[in-house]
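Since the model is a prediction, treat every value here as computed from it, not as a measurement. Sequence lines set the chain letters: A, B, ... in the order given, protein chains first and strands last, and positions in each chain run from 1.
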Amino acid sequence: MSVLQPVRGTHDLLAEESRRHRRVEEVAFETARRYGFGEIITPIFEFTEVFSRTLGETSDVVTKEMYTFADRSGDSITLRPEGTAGVARAFISGGLSQHLPLKLFYRGPMFRHERPQKGRLRQFHQVGVELLGVESPQADVEVIALGAQMLAALGLKDKVRLELNTLGDAESRAAYRDALVGYLSGYEDRLSKDSLDRLQRNPLRVLDSKDEADKAVVAGAPLLTEYLNDASRSFFEQVQAGLAAVGVGAEVSPRLVRGLDYYCHTAFEFTTTALGAQGTVLAGGRYDGLISQMGGPATPGIGWAAGIERLSMLLDETPSADRPVAVIPMGADLGALPLAQRLRQAGFAVDLGYSGNVKKRLNRANKVNARAAVILGEDELARNAVAVRDLDSGEQEEVPLAVLEERLARFR
RNA sequence: GCGGGUGUAGCUCAGUUGGUUAGAGCGCCAGGUUGUGGUCCUGGAUGUCGUCGGUUCGAAUCCGAUCACUCGCCCCA
């Protein structure tokens with residue numbers, strides 16, 4: 001088509017799409033607010049190390065998906081690929097350890113240089129929450145319940161399911177990792193190329209392989225639950241019991257793992273089958289080691305992020321736009337502009353066309369789905385009145401200018 | 001990053017075995033006279049047929065490259 005195309009994987013959101021997008025954002029923020037979360041707005045770019053150090057040097061995000069560039073002073077800058085690292089950086093640089101526990105909500109664009117697909121973009125948007133400073137599994141329960149409530153408020157309760165797993169603490173995870181690598185190394189001849197690669201970079205990922213041969217090997221692999229120490233086992237049990245107590249249904253999914261290095265204990269995903277290959281709609285977990293790994297005071301944390309575009313696609317209906325009041329003059333110089341101004345200042349959404357006769361202006365009023373029309377005619381104005389027409393019923397009445405706002409109130 | 005599919009007006013699409021000025025529906029604009037919409041009738045505008053290059057007397061139709069979208073893989077929200 002035109003030479004002027006948006007950059008691959010980016011989109012303009014307008015009209016219906018933008019309303020769906022905003023609805024997801026607003027419902028998420030409102031739900032988070034009820035759980036005591038306040039908003040944090042961090043920059044959309046950070047020094048590259050903020051991401052490369054926290055996400056793991058070998059992760060896909062760091063090795064091939066970051067938008068990185070040198071700024072004018074030569075510093076390496078990266079457009080944020082996710083939200084947690086920036087929040088963690090803000091926590092440390094802002095000395096927020098004085099305010100624990102800290103409950104933060106964020107929203108905004110994220111950038112990943114991936115091959116676009118349905119529900120997968122290069123600039124996409126997330127809402128997310130982080131709860132910092134609480135070791136207790138109560139935090140995990142609260143954060144997951146918040147996610148579930150937000151999804152329910154969006155009408156998605158029946159479209160998603162919650163998968164839950166534990167990665168154990170560092171000790172359990174290390175022990176299991178060794179056992180798993182030991183087991184898988186015995187089958188290198190049968191594993192797929194992808195899984196041999198995973199074995200090097202992120203062995204737990206092999207558990208989630210879709211390759212049939214891999215699945216056969218994985219079927220006999222040791223289970224993480226066998227390697228959990230008492231503390232980790234107890235932690236996971238408390239999370240499950242807590243979720244049951246607040247009525248959030250979860251399925252334990254032993255093969256659910258996380259791609260990013262900083263996770264421990266709880267890992268969870270809300271998934272759907274409605275988005276093709278992109279099933280994950282909201283995902284997160286516990287990251288007790290992250291803040292200290294970045295050089296801050298040891299601080300536990302748990303959080304999740306959800307893709308706004310993915311949620312937006314699942315919405316059953318598009319929120320309707322405002323229904324304005326149309327101001328329609330039947331001739332020039334009838335004071336339409338001052339009247340529109342007066343109504344706007346009184347709080348009405350007012351549509352005022354720029355040209356055309358009455359017929360055309362009424363047509364336009366339909367197009368913008370106006371609820372009512374205030375029609376200015378010379379005869380009525382001579383009596384200090386205007387005609388107010390209910391555009392749904394077609395009823396019209398003459399209203400004295402002095403009481404216009406009052407009579408218009410029902411069309412708001 | 002890898003593999004498959006697609007790409008014609010704002011939108012959804014049609015375009016016969018390559019053959020003159022590329023079509024439909026919806027939408028848009030204008031009219032159906034003097035101050036009233038959503039229906040109806042009539043008329044009108046709009047496309048570098050994604051882009052670039054090649055084959056041919058001639059290409060929207062064939063070939064190549066490229067870009068974008070789309071499905072799957074990797075990975076992820």
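- Under the 3.5 Å distance criterion, with hydrogens and angles disregarded, a donor-acceptor pair is assigned to the side chains of A:Thr318 and A:Arg20.
- Using a 4.0 Å heavy-atom cutoff across all strands shown, A:Asp392 reaches at least one base atom of the nucleic acid.
- At B:G1, none of the side-chain N or O atoms of A:Lys193 fall inside 4.0 Å of OP1 or OP2 (strictly under the cut-off).
- Nucleic acid contact for A:Ala365: none, since no nucleic acid atom lies under 4.0 Å from a heavy atom of the residue.
- B:G10: Watson-Crick or G-U partner is B:C26, with both key distances under 3.5 Å.
- For the P atoms, the distance from B:C52 to B:U8 is 15 Å, rounded to whole Å.
- Evaluation of atom-type donor-acceptor distances gives no pair under 3.5 Å for the side chain of A:Arg361 against the base of B:G37.
- Taking the nucleotide of RNA chain B with the nearest heavy atom to each of A:Arg198 and A:Gly9, the more 5' of the two is matched to A:Gly9.
- Where A:Pro116 and A:Glu380 each meet RNA chain B at their nearest nucleotide, the meeting point lying more 5' is that of A:Glu380.
- In this structure, A:Phe69 and A:Phe45 have perpendicular ring planes: the angle between them is above 60°, well past the 30° mark.
- Here the P atom of nucleotide B:A77 and the CG atom of A:Leu156 are 18 Å apart, to the nearest Å.
- You'll find the side chain of A:Val281 reaches within 4.5 Å of the side chain of A:Leu151, heavy atoms only.
- Of the listed residues (A:Arg310, A:Arg107, A:Glu309), just one forms a side chain to side chain donor-acceptor pair (under 3.5 Å) with A:His125, and that residue is A:Glu309.
- Base contact: A:Gly119 has a heavy atom under 4.0 Å from a base atom.
- Note on A:Asp194: only backbone sugar-phosphate atoms sit closer than 4.0 angstrom, heavy atoms only; bases stay farther off.
- Nucleotide B:A77 holds its P atom 14 Å from the CD atom of A:Glu163, rounded to whole Å.
- Rounded to a whole angstrom, the distance from the C1' atom of B:C74 to that of B:G4 is 16 Å.
- The separation between A:Arg120 atom CZ and B:G1 atom P is 13 Å, rounded to whole Å.
- In this structure, A:Gly394 reaches the bases: a heavy-atom distance under 4.0 Å links it to at least one base atom across the strands shown.
- Per the geometry, CG belonging to A:Asp351 stands 18 Å off P belonging to B:G37, to the nearest Å.
- If you measure from atom NZ of A:Lys359 to atom C1' of B:C40, you get 11 Å, rounded to the nearest angstrom.
- What separates CZ of A:Phe51 from P of B:C76 is a distance of 17 Å, to the nearest Å.
- Nucleotide B:C73 is matched to B:G1 when pairs are restricted to Watson-Crick or G-U wobble geometry with both distances under 3.5 angstrom.
- Pairing for B:U56 is absent, with no Watson-Crick or G-U wobble pair whose two atom distances lie under 3.5 Å.
- Applying the 3.5 Å distance criterion, the base of B:G37 shares no donor-acceptor pair with the side chain of A:Asn363.
- With hydrogens and angles left out, the side-chain atoms of A:Thr31 and A:Gln149 include no donor and acceptor closer than 3.5 Å.
- The 12-atom threshold is not exceeded at CD of A:Glu135, counting heavy atoms of other residues, nucleotides or ligands nearer than 6.0 Å.
- A:Leu121 comes within 4.0 angstrom of a base, heavy atoms only.
- Counting non-hydrogen atoms under 4.0 angstrom, A:Arg364 reaches nothing in the nucleic acid.
- The listed nucleotides are B:U36, B:G1, B:A77; the one nearest the side chain of A:Arg115 is B:G1.
- Aromatic pair A:Tyr176/A:Tyr227: centroids less than 6.0 angstrom apart.
- No contact: A:Glu269 has no heavy atom under 4.0 Å from any strand.
- Ring-plane geometry between A:Phe268 and A:Phe270 is classed as perpendicular, the angle between the planes exceeding 60 degrees on a 0 to 90 degree scale with a lower cut at 30.
- As judged by a 4.0 angstrom heavy-atom cut-off over every strand, A:Lys118 is placed among residues touching the sugar-phosphate backbone only.
- B:A77 and B:A65: their P atoms are spaced 35 Å apart (whole Å).
- As rounded to the nearest Å, B:U20 and B:G15 have C1' atoms that lie 16 Å from one another.
- As a whole-Å value, the separation of A:Leu362 CG from B:U39 C1' is 15 Å.
- Base-pair partner of B:U17: not found among the strands shown (Watson-Crick or G-U wobble, both distances under 3.5 Å).
- Under the Watson-Crick or G-U wobble criterion, with both distances below 3.5 Å, B:U39 is left unpaired in every strand shown.
- Note on A:Gly147: nothing from the nucleic acid sits closer than 4.0 angstrom, heavy atoms only.
- Going from the C1' atom of B:A14 to that of B:U56 covers 26 Å, rounded to whole Å.
- Judged by distance alone, with hydrogens and angles left aside, A:Arg310 brings a side-chain donor or acceptor within reach of the base of B:C76, the pair sitting under 3.5 Å.
- Taking only side-chain atoms of A:Lys367, from C-beta outward, the nucleotide of B:C29, B:G38, B:U36 with the closest atom is B:C29.
- As rounded to whole Å, 10 Å separates atom C1' of B:A77 from atom CE of A:Met313.
- Distance check on atom C1': B:G25 versus B:C73 gives 39 Å, rounded to whole Å.
- B:G5 and B:G47: their P atoms are spaced 32 Å apart (whole Å).
- As judged by a 4.0 angstrom heavy-atom cut-off over every strand, A:Asp379 is placed among the base-contacting residues.
- The phosphate of B:C69 has OP1 or OP2 within less than 4.0 Å of a side-chain N or O from A:Arg8.
- Between B:A22 and B:A59, the two P atoms lie 13 Å apart (nearest whole Å).
- Contacts of A:Gln117 with the nucleic acid, taken as non-hydrogen atoms under 4.0 Å apart, include base atoms.
- Judged by distance alone, the side chains of A:Ser195 and A:Arg198 do bring a donor and an acceptor atom under 3.5 Å apart.
- In the set B:G35, B:C29, B:A68, the nucleotide with an atom closest to the side chain of A:Met330 is B:G35.
- Distance from the side chain of A:Lys360 is smallest for B:A30 among the nucleotides B:A30, B:G37, B:C75.
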